[in-house]
Number of protein chains: 2
Amino acid sequence: MTGIPETVSSIKQAAEFTGLSEDTIRYYEKIGLLPYADRKASGHRTYSKHQLNGMVFLTRLKATGMTLEEMKHFRKLYEIGEASLTQRVSILIEHKNRIQNEIDRLQETQKMIDFKIDKYKEVLVNPDTNTKWKSPFAD
Amino acid sequence: MTGIPETVSSIKQAAEFTGLSEDTIRYYEKIGLLPYADRKASGHRTYSKHQLNGMVFLTRLKATGMTLEEMKHFRKLYEIGEASLTQRVSILIEHKNRIQNEIDRLQETQKMIDFKIDKYKEVLVNPDTNTKWKSPFAD
DNA sequence: TCTTGACTTGGAGTGTGCTCCAAGTTGTAT
DNA sequence: ATACAACTTGGAGCACACTCCAAGTCAAGA
């Protein structure tokens with residue numbers, strides 16, 4: 001079951017793959033968000049395909065508003081092992097709900113913007129309408 | 001056409017209405033994002049209904065990822081007057097597109113999370129499956 | 001062997017957006 | 001008159017998430 005070495009990557013390749021900067025990857029390791037990476041004899045970091053996929057998932061959580069602290073917490077639960085599985089499921093469900101709320105708010109704002117664009121376009125067609133406005137963001 | 005005084009609010013009421021803190025409202029004025037507010041004889045700020053609505057729209061733009069600098073730019077365009085209307089429409093359309101991209105990314109992440117939740121639940125039902133995982137965020 | 005470039009570390013600095021504070025003034029209730 | 005809260009100003013400080021730097025090590029090609 002052992003013997004076939006997994007493909008490993010340098011920090012540069014990891015950065016390219018994940019979209020994070022090399023500095024950011026080192027920073028995440030420093031603050032304990034990423035585990036201490038394996039090093040080559042030279043001391044250079046190496047990453048497995050697994051770890052790269054993990055880092056991509058991480059960037060998705062970050063991009064959807066999860067803080068570094070929350071992600072650290074999630075990782076700590078992971079380290080406990082299976083005993084924390086239900087907790088991890090809860091966190092993911094909770095985060096998914098937060099994302100849904102965010103989507104709802106974004107869509108509401110799109111409607112507000114559409115409404116405002118319509119009003120602006122009205123004025124472009126018929127400039128008299130303009131007297132209604134008192135504030136750059138009003139109505 | 002004059003004579004009916006508009007309802008005005010204190011900074012505290014403005015904060016309650018908009019969800020911004022009093023400090024934040026003063027800060028926005030300080031950096032030139034909000035115009036210098038009218039003051040009472042005492043020096044206390046007053047806000048019209050119009051301005052309050054404008055501030056709410058502002059919070060929507062901020063909550064959807066527009067930076068304070070971009071909002072300042074928008075306000076400067078507003079101050080130019082009608083000559084900037086087309087530009088302002090462009091900015092709003094552009095921002096609406098950014099929101100749409102954000103919504104798309106959020107929905108993709110929801111799918112990734114669902115996928116992961118399913119895998120976790122699988123392990124809860126059948127613990128042997130667990131050996132597949134090497135990283136807290138992998139797959 | 002020499003050069004070039006990728007990598008290492010610890011720590012300092014940065015940008016954004018607030019948030020808090022001190023010291024003073026004004027408004028309202030008793 | 002006397003509290004006490006609400007407000008004012010300018011400026012300092014803070015949290016988050018990087019981002020950059022200096023000084024040094026390591027690896028591969030001409």
Query raised in the report: Taking protein heavy atoms under 4.0 Å as touching, what does nucleotides 12-30 of chain D look like 5' to 3' if B marks base contact, S marks sugar-phosphate-only contact and - marks none?
Result: -----BBBB-----SS---
Provide, to the nearest angstrom, the distance between the [atom1] atom belonging to [X] and the [atom2] atom belonging to [N].
X	N	atom1	atom2	value
B:R39	C:dT26	CZ	P	14 Å
B:I11	D:dT9	CD1	C1'	12 Å
B:L61	C:dG17	CG	C1'	16 Å
B:E22	D:dA6	CD	C1'	8 Å

Query raised in the report: Who are the side chain to side chain contact (heavy atoms under 4.5 Å, CB included) partners of A:Q110, not counting sequence neighbours?
Result: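 Testing A:Q110 for side chain to side chain contact (heavy atoms under 4.5 Å, CB included), a comparison that skips the adjacent residues, returns A:Q107, B:K96, B:I99, B:Q100, B:I103.
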Requested in this report: Taking side chain to side chain contact (heavy atoms under 4.5 Å, CB included) as the test, write out the residues that go with B:T86, two or more places apart.
Outcome: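 Expected list: A:L124.
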Backbone of [Y] reached by a side-chain donor or acceptor of [X] within 3.5 Å:
X	Y	answer
B:S10	B:Q13	yes
A:R45	A:I11	no
B:E70	B:T67	yes

Query raised in the report: So, do A:L34 and A:L58 sit near enough that their side-chain heavy atoms are less than 4.5 Å apart?
Result: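 The answer is yes; the side chains approach within 4.5 Å.
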Requested in this report: Return no unless some side-chain N or O of B:R45 is found under 4.0 Å from OP1 or OP2 of D:dC7.
Outcome: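 Indeed not, no polar side-chain atom of B:R45 lies that close.
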Requested in this report: With heavy atoms under 4.0 Å as the rule, sort A:I31 into base, sugar-phosphate or nothing.
Outcome: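 Since no nucleic acid heavy atom lies under 4.0 Å of A:I31, the category is nothing.
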